[in-house]
There are 2 protein chains.
Amino acid sequence: MVEQDDRLSRVFGALADPTRRDMVARLAAGDATVSELAAPYAVSLQAVSKHLKVLEEAGLVQRSRDAQRRPVHLDAEVFDLMTKWIERYRRQAEERYRRLDQVLARMQGKDIDDTDDPRRPNDAERQHRPEGAAG
Amino acid sequence: MVEQDDRLSRVFGALADPTRRDMVARLAAGDATVSELAAPYAVSLQAVSKHLKVLEEAGLVQRSRDAQRRPVHLDAEVFDLMTKWIERYRRQAEERYRRLDQVLARMQGKDIDDTDDPRRPNDAERQHRPEGAAG
DNA sequence: GTCTTGCTCAACCATGTGGTTGATTAAACG
DNA sequence: CGTTTAATCAACCACATGGTTGAGCAAGAC
């Protein structure tokens with residue numbers, strides 16, 4: 001990934017790591033400091049600090065200050081971004097599935113010989129629009 | 001990621017790439033062959049083939065056979081896995097937020113001086129259970 | 001059989017990622 | 001002041017990732 005500045009990529013990327021996912025899970029229960037977060041894992045504090053940086057850059061957490069401590073707070077809003085993306089295409093896929101069922105039902109007993117042009121199993125291109133278009 | 005065998009990591013990881021996300025988006029509209037999928041992108045067919053392998057290993061798509069073509073089909077079921085994970089912690093975070101509001105409301109005008117032990121900003125550890133436990 | 005099409009495999013390269021250790025900053029404690 | 005605590009920065013390492021090109025393979029076309 002030479003260029004990976006887009007939001008969704010960073011969020012998905014951040015959640016692609018089990019340790020980070022576990023941190024998010026724990027932060028959902030309440031804020032925690034870096035060392036508190038680090039405690040259960042068999043890695044250095046620095047490694048955890050790095051993980052937090054990734055989560056922060058993805059907009060999943062915020063780090064504030066309390067003396068030398070840096071309480072970490074989960075920002076659950078970004079979840080919506082993901083859910084929206086996922087749901088959009090899940091719905092689309094499901095709809096297509098339903099339509100396919102209908103087509104199959106209608107096709108029962110019909111001639112399915114399309115020697116004319118056996119390729120083009122779909123028309124995805126036509127319906128496609130880049131992900132930035134809507135939300 | 002030295003070890004990345006768990007499902008959720010692979011799914012999130014697969015979706016952390018804009019090209020792969022775009023492919024998923026297009027596949028939601030209908031199946032497509034590798035070259036059809038590759039067409040819009042400025043990368044080699046081999047690169048696209050690799051992306052598809054990642055999506056396949058994440059359980060997001062299935063590749064079948066039709067002569068020399070390999071129609072790719074989106075398997076939207078895995079989306080549920082993600083949504084469940086996300087929703088679980090989003091809900092938890094929201095609940096906590098609501099409870100925090102109540103606590104703050106109750107605290108109005110009270111003495112908030114806890115010089116006794118200024119640390120321990122949360123009790124995440126207690127409530128935490130590993131992500132494998134439920135779904 | 002040979003050619004062409006559609007795709008994958010293999011090797012390679014640059015960059016990213018997750019981990020390490022060591023040094024450093026910042027604030028509280030003595 | 002110097003020390004301890006909490007966390008970050010910096011340099012480094014092994015391996016993963018995303019891209020490339022070139023070769024190979026399987027199935028239809030000729």
Side-chain angles (χ1 to χ4, degrees), chain A residues 1-6 9-23 31-39 41-58 61-73 114-122, chain B residues 1-6 9-23 31-39 41-58 61-73 114-122:
Chain A
M1 256 169 264
V2 160
E3 195 207 344
Q4 206 241 54
D5 44 1
D6 85 288
S9 293
R10 279 198 294 244
V11 181
F12 279 123
L15 259 20
D17 182 280
T19 305
R20 273 185 316 247
R21 238 168 20 246
D22 194 62
M23 290 195 217
D31 296 5
T33 67
V34 180
S35 20
E36 281 169 344
L37 279 170
Y41 312 120
V43 300
S44 66
L45 193 72
Q46 290 95 319
V48 172
S49 188
K50 274 198 196 178
H51 279 307
L52 284 171
K53 198 180 175 190
V54 174
L55 290 172
E56 187 177 40
E57 279 167 358
V61 307
Q62 282 169 0
R63 287 189 279 186
S64 43
R65 281 209 86 120
D66 167 31
Q68 15 357 12
R69 273 154 231 116
R70 311 269 189 299
V72 181
H73 174 80
D114 56 337
T115 22
D116 204 69
D117 183 7
R119 77 185 60 189
R120 201 173 354 76
N122 84 330
Chain B
M1 256 166 265
V2 159
E3 195 207 343
Q4 207 241 55
D5 43 3
D6 85 289
S9 292
R10 279 198 294 244
V11 181
F12 279 123
L15 260 19
D17 183 281
T19 306
R20 272 182 318 243
R21 236 164 27 241
D22 194 63
M23 291 194 216
D31 297 3
T33 67
V34 180
S35 22
E36 282 168 345
L37 279 170
Y41 312 120
V43 300
S44 65
L45 192 72
Q46 290 95 320
V48 172
S49 189
K50 274 198 195 177
H51 279 308
L52 284 170
K53 199 181 174 189
V54 173
L55 289 173
E56 188 177 39
E57 278 166 359
V61 307
Q62 282 168 0
R63 289 189 278 185
S64 43
R65 283 208 85 118
D66 168 31
Q68 39 315 43
R69 275 156 229 116
R70 310 270 188 297
V72 181
H73 173 78
D114 55 338
T115 22
D116 203 69
D117 182 7
R119 77 186 58 188
R120 203 182 343 81
N122 84 329

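Just so we're on the same page: letters track the sequence lines, and every chain starts at 1. Small disclaimer: the values here were computed from a predicted structure and weren't measured.
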Measuring from the side chain of R20(B) (C-beta onward, heavy atoms only), which nucleotide among dG18(C), dG18(D), dG19(D) has the closest atom?
dG18(D)
Out of curiosity, [X] [atom1] to [Y] [atom2], how far, rounded to the nearest 0.5 Å?
| X | Y | atom1 | atom2 | result |
| --- | --- | --- | --- | --- |
| R70(A) | S35(A) | CZ | OG | 10.5 Å |
| D17(B) | D22(B) | CG | CG | 10.0 Å |
| D31(B) | D66(B) | CG | CG | 11.0 Å |

Note: R21(A) and F12(B) closest approach over all heavy atoms is CD-CE1, 3.8 Å
Can a side chain N or O of T33(A) be found less than 4.0 Å away from OP1 or OP2 on dA6(D)?
no
With respect to the phosphate group of dT8(D), does any side-chain polar atom (N or O) of R63(A) fall under 4.0 Å of OP1 or OP2?
yes
Atom pairs and distances, donor-acceptor, side-chain atoms in residues 43-52 of chain B, under 3.5 Å, two or more places apart:
unit_1, atom_1, unit_2, atom_2, d
S44(B), OG, A47(B), N, 3.2
H51(B), ND1, R20(B), NH1, 3.2

In whole angstrom, what separates [X]'s [atom1] from [N]'s [atom2]?
| X | N | atom1 | atom2 | answer |
| --- | --- | --- | --- | --- |
| R69(B) | dT8(C) | CZ | C1' | 16 Å |
| E56(B) | dT8(C) | CD | C1' | 12 Å |
| Y41(B) | dG19(D) | OH | P | 11 Å |
| E36(A) | dA7(D) | CD | C1' | 13 Å |
| R21(A) | dG18(C) | CZ | C1' | 15 Å |

With sequence neighbours left out, write down each residue that passes side chain to side chain donor-acceptor pair (under 3.5 Å) with E57(B), or none if nothing qualifies.
none
By a strict heavy-atom criterion of less than 4.0 Å, which residues belonging to residues 44-53 of chain B are in contact with DNA chain D?
S44(B), Q46(B), A47(B), K50(B), H51(B)
Applying salt bridge (Lys or Arg N to Asp or Glu O under 4.0 Å), name anything that partners E56(B), two or more places apart in sequence or on another chain.
R63(B)
Heavy-atom nearest nucleotide on DNA chain C taken for V34(B) and for T19(A); more 5' hit belongs to V34(B)
Give the B/S/- string for nucleotides 24-30 of chain C, one per nucleotide from 5' to 3', where a protein heavy atom under 4.0 Å of the base yields B, of only the sugar-phosphate yields S, and otherwise -.
--SBS--
